Structures are given as structure tokens and as C-alpha cells.
Protein chains: 2
Amino acid sequence: MRIGEVATAAGVSTRALRYYEEQGLLTSVRSASGQRHYGEDAVERVRWVQALYAAGLSSRAILGLLPCVHTGVATPEMIEQLIAERERIDAQVRELTATRDRLDAVIAAARGRSRECSYAS
Amino acid sequence: MRIGEVATAAGVSTRALRYYEEQGLLTSVRSASGQRHYGEDAVERVRWVQALYAAGLSSRAILGLLPCVHTGVATPEMIEQLIAERERIDAQVRELTATRDRLDAVIAAARGRSRECSYAS
DNA sequence: CTAAGACTTGACGTTGGCGTCAAGGGCAAG
DNA sequence: CTTGCCCTTGACGCCAACGTCAAGTCTTAG
């Protein structure tokens, strides 16, 4: 697969893929003319990168985690790191859930008010 | 309350509070010498701002939502906006939860591998 | 009174994950 | 051959939420 194909399949820009390679998150084999070629697993890898970015991890953090995510092989420190990031994400989920629930309360209250208004008028 | 007190109580920097004021998210009363003074509700307001920032909203979006969050009064369009943001946050929660679960699977797999290793040695 | 801390405005610096030209090279179809 | 699309490197732009001086003012405890 060439870069455009991977980009389309993963739903990102080619610029992003080159950036990932620059950060060491993605590797490619070059043809004689210098064009990048990727294996099938590249798409899944990119999806992992996107998911971890969305979870607030930096390139460096992802760089440390991707090998064991992809190969399943991990040193004890890598497992520690995995668990730490998992905990951060879990904390984030709890925070966002709480915020969502508070928003729900606000929405309910606002609706109540607007109903009062329509009764009053 | 003066700015430092609010900052400490809300767990943010004074710089952040001045920035919020600049963005219209927070108001203060000035003393004769120009110093800012805040009411008690400022702390809660700042906490709302922090929560909404953490949920990925921009200053502009927060600016549009804070009035009805704080006063409980909302036009139908504001309620629409509240619901839209609530949905975005909910989607985010679902994504992060999925990522967390995938990470759990990776951790479990890696632990299995390391147990195999310790058995082998 | 005075020293130390808290406050003011102003303005530039930072960071990351790309977007976006710019200027050129490669390759299958007609 | 050439047209048109995909690819390359390089480099600057961007945006938001502050951090971080700088240089001066206010306030308050002793």
C-alpha cells in the first residue's frame, strides 16, 4: 500500500502519516524512487495512534507503548507504563462522565424553567 | 476574595484567571487601586470552566454555555447547544472507554506472556 | 516606616499535531 | 509524449491556553 491508500483507509491525512514516521510511530519500506510502502497492519497501527492521541497521550508516550501493544511483548516497566496510562484514561472517563451528568442536570433545570415560562404565558 | 485566593481555592494560576476574564468567562469588581475582587461563586464558575475545557470545549463554546449553566436561564438555542455538547462528551466517553478496554486486553496479554516467560525460565 | 509579598498591565514564549504552500520527480493511460 | 494524479522533501503557519519575564504599584504585618 502507498501512503494515500493508507491515509484513506485510516481516515487521516498523508501529512499525518509522514509526521507519525518522523516521530517513529510508523515505519515504511521505500521503493527505488523513494516512495513509501506499507504493510496491511499499518492501518491498524494508525488507528491505535489516533485512539491514544485522543486519550491525551503524547507522541513520546505512544512511542513507548506501541511496540508492546503491537507485538504483545513487554518488559515489566512497559507493563507499568501501560497500567499507568490505562489509569489516566480511566480517571478521564470518570471526570467526563461527571461533567456530562452535571450538564444533564443543567439541561433538565433549563427545560423545567422553559416549561414554567410557557405555563406562565 | 482577591485573585490569589480564588486561584488557590480553584487550583489554577492567577494567569489563568486573568485569561478567563479576557475571554469573558469571569468577571470581577475592581477596587479603587485597580485590584480584582470576586464573589464566592467565582470558584465554582472557575471549576465549571476547567471541567468544560477538560471536555474539549473552546473558550467561545464555554462563553456561550456558562450563562445558562450558572443562571439556569436558557433560550431554546442554548438548550440545543447544551445538548449538542453533552452528546459530544458522551461520544468521547464511549471512545475513551473502548480504548481503555483495548488497553486492558493488551495488558492481560502481556501479563500472560511474562508468566509464560517465568515458567519457561 | 519598611520589607515582603500580592497585585497590576504588557508583551513575548511555548507546545504539539498537524495544515499548507512551494518546487520538483515518478508512473500508467491515451 | 504528455497529461494528470500521486508522490517526495523542506519549511513556514497555526491556534489555544496559558507560562514567564519585566517593571512598576498596593497592602499589610511587624
Side-chain angles (χ1 to χ4, degrees), chain A residues 1-39 42-43 45-66 85 88-89 92 95-96 99, chain B residues 1-39 42-43 45-66 85 88-89 92 95-96 99:
Chain A
M1 304 175 78
R2 289 191 301 176
I3 195 169
E5 202 172 349
V6 175
T8 302
V12 301
S13 67
T14 61
R15 176 70 178 90
L17 295 183
R18 294 195 194 96
Y19 177 72
Y20 297 166
E21 183 168 330
E22 197 181 315
Q23 302 298 310
L25 302 176
L26 193 61
T27 54
S28 63
V29 178
R30 299 305 187 94
S31 72
S33 62
Q35 300 202 343
R36 292 173 176 85
H37 289 268
Y38 301 90
V43 175
R45 207 176 165 87
V46 171
R47 294 224 173 94
W48 260 110
V49 171
Q50 291 281 106
L52 294 177
Y53 272 140
L57 281 79
S58 65
S59 288
R60 268 180 52 90
I62 298 176
L63 185 58
L65 297 187
L66 263 191
E85 297 296 351
R88 279 194 29 186
I89 295 174
Q92 219 176 119
E95 258 197 60
L96 290 181
T99 299
Chain B
M1 303 175 77
R2 287 192 301 175
I3 195 170
E5 203 173 348
V6 176
T8 303
V12 302
S13 67
T14 61
R15 177 68 177 94
L17 295 183
R18 293 195 194 95
Y19 177 72
Y20 296 165
E21 183 168 330
E22 197 180 314
Q23 302 299 311
L25 302 175
L26 193 59
T27 54
S28 62
V29 178
R30 300 305 186 96
S31 72
S33 62
Q35 299 202 344
R36 293 172 176 84
H37 290 267
Y38 301 89
V43 175
R45 206 175 165 86
V46 171
R47 293 223 172 94
W48 260 110
V49 172
Q50 291 280 107
L52 294 177
Y53 271 140
L57 281 79
S58 66
S59 288
R60 268 179 51 90
I62 297 176
L63 185 57
L65 297 186
L66 264 191
E85 297 295 352
R88 281 193 29 183
I89 295 174
Q92 218 177 117
E95 258 198 60
L96 290 180
T99 299

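Owing to the predicted nature of the structure, the values given are computational and were not obtained by experimental measurement. Chain identifiers are assigned alphabetically (A, B, ...) following the order of the sequence lines, protein sequences preceding nucleic acid strands; residue numbering begins at 1 within each chain. These values consider heavy atoms only, across backbone and side chains, with no hydrogens, waters or symmetry-generated copies.
Between B:L25 and B:Y53, the closest side-chain pair of non-hydrogen atoms falls below 4.5 Å.
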- [ ] Could you give me the CA-CA distance, side-chain angles and deciding distance for B:H37 and B:R2, then say whether side-chain contact (heavy atoms from CB on, under 4.5 Å) is met?
- [x] CA-CA 5 Å; B:H37 290 267; B:R2 287 192 301 175; 3.5 Å; yes
Open item on the list: Show, in sequence, the C-alpha distance, side-chain angles and deciding distance for A:V49 and A:V12, and conclude whether the side-chain contact (heavy atoms from CB on, under 4.5 Å) test is met.
Closed with: CA-CA 11 Å; A:V49 171; A:V12 301; over 6 Å; no
Open item on the list: For B:L26 and B:R45: C-alpha separation, side-chain torsions, deciding distance, then whether side-chain contact (heavy atoms from CB on, under 4.5 Å) applies.
Closed with: CA-CA 8 Å; B:L26 193 59; B:R45 206 175 165 86; 3.8 Å; yes
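Checked by atom type, the side-chain pair A:S59/A:Y20 shows no donor-acceptor distance below 3.5 Å.
A salt bridge links A:E85 to A:R88: one of the charged nitrogens lies within less than 4.0 Å of a carboxylate oxygen.
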Task: Letter per nucleotide, 5' to 3', of nucleotides 3-19 of chain D [B base touched, S only sugar-phosphate touched, - untouched; heavy atoms, 4.0 Å] - done: ----SBB-B-----BBB
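Side chain of B:Q92 to main chain of B:A55: a donor-acceptor pair is present (N/O by atom type, distance under 3.5 Å, no hydrogens or angles).
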Polar atom pairs (N or O), protein with nucleotides 22-24 of chain D, under 3.5 Å:
none

